[in-house]
Protein chains: 2
Amino acid sequence: MKNLLSSIKISVPEKIFLKDPESSDLGKRIIGNGISLIAEIGFDSFTFKKLGTKIGSNESSIYRYFENKHKFLLYLTSWYWAWIEYQLVFSTSNVSDKTERLLKAIEVVTRTIKEDNNFTHVNEVTLNQIIINENSKSFLTKEVDSENKEGYFVVYKRLVSRIKEMILDINPDYKYASSISSTIIEGALHQHFLKDHFSSITDCDTVTPTKFFQELTINAIKPN
Amino acid sequence: MKNLLSSIKISVPEKIFLKDPESSDLGKRIIGNGISLIAEIGFDSFTFKKLGTKIGSNESSIYRYFENKHKFLLYLTSWYWAWIEYQLVFSTSNVSDKTERLLKAIEVVTRTIKEDNNFTHVNEVTLNQIIINENSKSFLTKEVDSENKEGYFVVYKRLVSRIKEMILDINPDYKYASSISSTIIEGALHQHFLKDHFSSITDCDTVTPTKFFQELTINAIKPN
DNA sequence: TAGAATTAATAGTAATACTATCATATTTGC
DNA sequence: GCAAATATGATAGTATTACTATTAATTCTA
């Protein structure tokens, strides 16, 4: 995985940025340090001014890469979901058993990220923390419909569709394939959050979100 | 329901407000118009200054009721969940069949709110829209742990626990009672959001979130 | 090595998220 | 019915945010 990822470029919808941060050293420092700053102080307190100070660069330079901090968050979420999608496709591609394939896919989208591939400027463990805490804020806005039209959420939607297809592949008659797929992906983030902050209303302090969602899904899609 | 609700006061953790908005006319106008303003412009653009203008009152007067707009959101979410909890308790209290009771409870937390009881200053239909769009923002903050200690989320957690207990009542061996309960409540909001903005990744444009979560839960907790 | 492109520095604006103070109503307790 | 307490309104002020604009300094490239 390490070697493969270092040669593959995660692709993010182009309209999200003004200038591709992957294309320069400054851009990469914006991403790398942006991730650690958001993880540290939270997205709500995050500003380009603070990030500029952190990387010893100017606020106005960051504005040349991203219109505003919301676009920056969209960049990070798209990057993250594209990275997850890549893992999902890769780790299910040679699995012939349909159920095994689905279980593997659920694992990929629900597991705890523990290892940073330590190669790119992106620390995936930290980014995963950000996704758990901030992902919803990327679409819970008044601009969601126009941003959706611009294609800012294609990666996320494609990921939901992939798992939906795997479910329909097992049981074409299951009526809620899209809903359960979107529930797994968003629900897993929520369970990880609860584990960290509201442990009394989750079981995922002792059992993994992966196990929970795997069993839930298998029981749900079983024909009866 | 109408008559009952008009005589019962929904109770919100006291530390959330500086002065109980139910205790004065101005307070009630703050809540009532606050709800419609947030629904209109979104929580991110909402300010006390704008609300002051809307109700023909002064910004500083609103600050005497709520420390800041985040506390205001906590007030609205607590009120909403307390209102839902009341309906849940009321509509399950005389149901002797355990499964029927659980299905009723799931209905209460997942259904579309269509009717405003039109009696209090709170429009529940509009408030429900706010909850769908803004609920996550009440806890996805850096202050979540200290605010949790202050008891700001008790109502929400108690609601999750009530459904968890109903599940364990049916199958005491089910290992994920808390997780599925929290998934139903949060997941239902998410499905309602998807229905409105990302209809391609939900089935809830044709089938209801209620049906989806009822079937999901019944299949999940079945002993095997 | 000139010209283009990138980044840095500085300044400025309107809005936000408050706090503080003082004035004016309104309520209530005696 | 009046004084005291309480609630609300009006005004002003501050630090920060979220930018935009302009100009200067670097660096990269043909």
Side-chain angles (χ1 to χ4, degrees), chain A residues 14-34 37-38 40-76 121 134 137-138 140-143 146-147, chain B residues 14-34 37-38 40-76 121 134 137-138 140-143 146-147:
Chain A
E14 295 216 347
K15 282 194 170 178
I16 289 178
F17 48 78
L18 298 170
K19 179 180 170 172
D20 187 355
E22 300 272 356
S23 72
S24 72
D25 180 67
L26 179 62
K28 287 173 192 159
R29 280 191 297 134
I30 289 171
I31 301 302
N33 289 275
L37 186 56
I38 291 174
E40 200 183 308
I41 65 175
F43 184 68
D44 299 339
S45 302
F46 171 81
T47 69
F48 283 173
K49 181 137 205 206
K50 289 175 186 167
L51 178 55
T53 305
K54 180 168 177 139
I55 62 179
S57 184
N58 203 277
E59 193 189 4
S60 59
S61 303
I62 302 170
Y63 275 104
R64 287 210 193 77
Y65 286 83
F66 297 99
E67 253 181 276
N68 51 50
K69 74 172 183 169
H70 181 245
K71 288 284 172 72
F72 188 66
L73 180 61
L74 286 173
Y75 182 90
L76 296 183
H121 47 292
E134 323 286 1
K137 297 173 191 167
S138 71
L140 294 178
T141 69
K142 277 282 160 184
E143 296 76 34
S146 61
E147 292 188 346
Chain B
E14 295 216 347
K15 282 193 168 177
I16 289 178
F17 48 76
L18 297 170
K19 178 180 172 172
D20 187 356
E22 300 273 356
S23 72
S24 73
D25 180 66
L26 178 62
K28 286 171 194 161
R29 281 192 296 135
I30 290 171
I31 301 302
N33 290 275
L37 186 55
I38 293 175
E40 198 183 309
I41 65 174
F43 185 69
D44 298 339
S45 302
F46 171 81
T47 69
F48 282 172
K49 181 139 206 203
K50 289 175 187 169
L51 178 54
T53 304
K54 181 167 176 138
I55 62 179
S57 182
N58 204 275
E59 192 189 5
S60 59
S61 304
I62 302 170
Y63 275 105
R64 289 205 191 83
Y65 286 83
F66 296 99
E67 254 180 274
N68 51 50
K69 73 172 185 169
H70 181 245
K71 289 283 172 72
F72 187 67
L73 180 60
L74 286 174
Y75 181 90
L76 296 183
H121 47 292
E134 324 287 1
K137 297 174 191 166
S138 71
L140 294 179
T141 68
K142 277 283 160 184
E143 296 76 34
S146 61
E147 292 188 345

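Letters go in sequence order (proteins before strands), and every chain restarts at 1.
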Would you give me the side-chain donor-acceptor pairs under 3.5 Å for residues 42-52 of chain B, sequence neighbours excluded?
unit_1	atom_1	unit_2	atom_2	d
B:T47	OG1	B:K49	N	3.4
B:T47	OG1	B:K50	N	3.0
B:K50	NZ	B:S45	O	2.7

I want to check one thing: is the phosphate of [N], taken as OP1 and OP2, less than 4.0 Å away from some side-chain N or O of [X]?
X     : N      : value
A:K50 : D:dT17 : yes
B:Y65 : D:dA7  : no
A:S61 : C:dA8  : yes

Whole-Å distance between [N] [atom2] and [X] [atom1]?
X     : N      : atom1 : atom2 : answer
A:K54 : C:dA8  : NZ    : P     : 17 Å
B:L73 : C:dA17 : CG    : P     : 13 Å
B:Y63 : D:dA10 : OH    : C1'   : 16 Å
A:F43 : D:dT17 : CZ    : P     : 13 Å
B:L51 : C:dA15 : CG    : P     : 18 Å
A:N68 : D:dT20 : CG    : C1'   : 13 Å
A:N58 : C:dA8  : CG    : P     : 7 Å
A:I62 : D:dA18 : CD1   : P     : 13 Å

Side chains of [X] and [Y]: closer than 4.5 Å at any heavy-atom pair?
X     : Y     : answer
A:L18 : A:E67 : yes
A:F72 : A:I62 : no
B:Y65 : B:L26 : yes

What is the nucleic acid contact for [X], judged by heavy atoms within less than 4.0 Å: base, sugar-phosphate only, or nothing?
X     : answer
B:S60 : base
B:F48 : nothing
B:K19 : sugar-phosphate

Over all heavy atoms of both residues, which pair between [X] and [Y] is shortest? Give the atoms and the distance, please.
X      : Y      : answer
B:L73  : B:S138 : CD2-N, 3.9 Å
B:T141 : B:H70  : CG2-NE2, 3.9 Å
B:K19  : B:R64  : CB-O, 3.6 Å
B:P21  : B:I31  : CB-CG1, 3.7 Å
A:K71  : A:I16  : O-CG2, 3.4 Å

Report task. Go through residues 20-29 of chain A and report each residue with a non-hydrogen atom lying under 4.0 Å from DNA chain C, sorted by number. Result -> A:S24, A:L26
Report summary line: Assign each of A:F46 and A:R64 the nucleotide of DNA chain D bearing its closest heavy atom; nearer the 5' end lies the nucleotide of A:F46
Query raised in the report: Which sits closer to the 5' end of DNA chain D, A:E67 or B:G56, going by the nucleotide each is nearest to?
Result: B:G56
Write down the protein N/O and nucleotide N/O pairs, taken from nucleotides 24-27 of chain D, whose separation is under 3.5 Å; answer none if there are no such pairs.
none

Query raised in the report: Mapping B:S45 and A:E59 onto DNA chain C by nearest heavy atom, which one lands closer to the 5' end?
Result: A:E59
Query raised in the report: Any chance NZ of B:K142 has more than 12 other-residue heavy atoms, nucleotides or ligands included, within less than 6.0 Å?
Result: yes
